[in-house]
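Below, chains carry the letters A, B, ... as their sequence lines are ordered, and counting in each starts from 1.
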Amino acid sequence: MNPTVRVRFAPSPTGGLHLGGMRTVLYNYLFARQQGGHFILRIEDTDQSRYVTGAEEYIFECLKWCGLEPDESALHGGNYGPYRQSERKEQYRQYAEKLVEQGFAYYAFDTPEELDQMRERLKTESNHAPQYDHAARKQMRNSLTLPESEIKKLLNDGTPHVIRIRMPENETVKFMDMIRGEIQFETNVVDDKVLLKADGMPTYHLAVVVDDYLMKITHAFRGEEWLPSAPVHILLWKYLGWEESMPQWAHLPLIMGPNGKLSKRDGSKYGFPVFAMNWTDPRTNEFTEGFRERGFLPEAFVNMLAMLGWNDGTEQELFTIDELIQKFSIERIHKGGAKFDFEKAKWFNHEWIKKLDVAHLKSAVEKVYREQGLEVENDPRLDRIIELIKDRCTLLTDFWQQGSFFFYTPAEHDADAVKPKWNEAKKDFFISLSEELNATPDWQSAFIESAFKQMATSKNIKPGELQLPFRIMLVGGKFGPPVFDIAEVLGKAETLKRIKIALEVFG
RNA sequence: GCCGCGUUCGUCUAAGGGCUAGGACACCACCCUUUCACGGUGGUGAUACGGGUUCGAAUCCCGUACGCGGUACCA
């Protein structure tokens, strides 16, 4: 029997969604689609103190923008819900209690202060961070050290307590990671992790195991930062008697910033976006720019993200999402972390802008102009304009800088580019040219060009010396597509108007 | 400190015992272009270090160094 592949992405609504998280979703998604399986979105909202209102909806928006919508989630439905941990609260206690009964876990009544004292007391030169482990638990207040009667009393009195896993002594926990191969940990160096918190909420360790079992998850992809707690999860699968159903593990390498792991907190400090979309933390009002708003196409963002830790072994770098689904393979995911390079990210976007046709770019470009206060939706020239400038745009926002002169007569001219070589003869040329163009019914790029060159010849001036001034007149600066194409798109009246204005400026 | 995972040009990476270690980004030069780009050609630039195994090591093994992660009633 070949079980259906079921993968899940489980963000915590504690803030934005950064590159590492987005890549985890992507790989989950690619694998699920490739295998014809299910992609599930579960929300880890059991840390009440850090829950951010609106973050869950924001996560959905990000996935939607990238085209990575889940099959099952709190908002999409599915047969294994609920998909928010907070709504599954009751189930976790039941399993935690079962573990206690079987001796695989125990109640611990220690207060936060007592834990601090223990850590202080046990701290030595060779042990900077003492753990609540098989040795320490013997000195603490828990159901392993307290007499039966006292445990009963504490429980009956409703004394706050947690349930901790009882890590075995002198055992080796081994498991296979699809990316890294066999990995092993000594149980002696793993602490007795809290499974159920005093508020009745599960920790990630319990929740991830219970949910993955109940939701029939077959493959678990997560960041490398989870590797150290993997032995706890492996043991839990075993202790709960579900070893047969344990998913296959894949711990993804981390995505690094300029110094160390990319963090959500520093999202606004890198000088480049680390979130898929704009995010303002409602608690701090801290704003973090997103790739979307910075001018990235979702196609480029997804492509770039996929290549940050995976490649297909060929020299191909540009992939559509369908190609990624087809070619993705867990075996080819890298082991080492990758430092994020914004320059390369921009290159991907530039390639995608060049690659996509006008129809596909149009609505995004319209949006850029709209944000600048310019409505272009009904402008019949828009297609032509996009075609003319798209190769020069790295980010979608560049369409404004590269194309606004089509809509606005330049307010300023790059006089430095013209003035040094400006003279009466050139001025005379443009006056004559204006008259000539004004008299003609034709208005195609090729026609304007030949009229321009004939006029230059008859005035005995090299056409090349006149093209730059002409460009400055129409554009305002030294950039843009071929100048005669610009004149064509601008139309006769606007072109003549700009020549006239510029002649006054140049004197 | 302890535990774990890593380490090929500045960055992302290819090469799974066998040619001068290949490609991409960035950078530089030239060509194209009488603007800015696109495009084209070429260039600078890497197997962390030390031992093994082998006819032969970036590749396998051991050690060291360095980096990252974890070491919470956060995920």
Open item on the list: Just to verify, what does A:Thr314 make a side chain to side chain contact (heavy atoms under 4.5 Å, CB included) with, not counting sequence neighbours?
Closed with: A:Asp312, A:Gln316
TODO: Please name all residues satisfying side chain to side chain contact (heavy atoms under 4.5 Å, CB included) with A:Pro231, sequence neighbours left out, ordered by chain then number.
DONE: A:Val173, A:Phe185, A:Val190
Open item on the list: My understanding is that only residues two or more places apart in sequence, or in another chain, count here; which of them pass side chain to side chain contact (heavy atoms under 4.5 Å, CB included) with A:Pro463?
Closed with: A:Lys453, A:Ala456
- [ ] Could you pull out all residues at least two apart from A:Tyr58 that satisfy side chain to side chain donor-acceptor pair (under 3.5 Å)?
- [x] none
Task: Length of the line joining A:Gln316:CD and B:G23:P, which is rounded to integer Å - done: 17 Å
- [ ] Could you identify which residues of residues 331-342 of chain A place a heavy atom less than 4.0 Å from some atom of RNA chain B, listed by residue number, or say none?
- [x] A:Arg332, A:His334, A:Lys335, A:Gly336, A:Ala338, A:Lys339, A:Asp341
TODO: Under the side chain to side chain donor-acceptor pair (under 3.5 Å) rule, collect the residues that match up with A:Asp281, sequence neighbours excluded.
DONE: A:Arg283
Mind listing the N/O atom pairs, protein and nucleotides 71-74 of chain B, below 3.5 Å?
from, atom 1, to, atom 2, distance (Å)
B:U71, O2', A:Gln131, NE2, 2.4
B:C73, OP2, A:Arg164, NH2, 3.3
B:C73, O2, A:Ala198, N, 2.8
B:C73, N4, A:Asp110, O, 3.1
B:C74, OP2, A:Lys197, NZ, 3.0
B:C74, O2', A:Asp47, OD2, 2.8
B:C74, O2, A:Arg50, NH2, 3.3

Mind listing the N/O atom pairs, protein and nucleotides 62-69 of chain B, below 3.5 Å?
from, atom 1, to, atom 2, distance (Å)
B:G69, OP1, A:Lys261, N, 3.4

Open item on the list: Going by the rule side chain to side chain contact (heavy atoms under 4.5 Å, CB included), which residues pair with A:Thr111 if we only count those two or more places apart in sequence or in a different chain?
Closed with: A:Glu113, A:Glu114
- [ ] Quick one: list whatever passes side chain to side chain donor-acceptor pair (under 3.5 Å) with A:Gln467, sequence neighbours left out.
- [x] none
Task: Contact letters for nucleotides 35-42 of chain B, in which S counts primed atoms plus P, OP1 and OP2 and B counts the base, heavy atoms under 4.0 Å - done: BBBSS---
TODO: Identify, with sequence neighbours excluded, every residue that meets side chain to side chain donor-acceptor pair (under 3.5 Å) alongside A:Lys390.
DONE: none
Open item on the list: Just N and O in the side chain of A:Asn311: are any of them under 4.0 Å from OP1 or OP2 of B:A14?
Closed with: yes
Task: Whole-Å distance separating the CG atom of A:Leu308 from the C1' atom of B:A24 - done: 13 Å
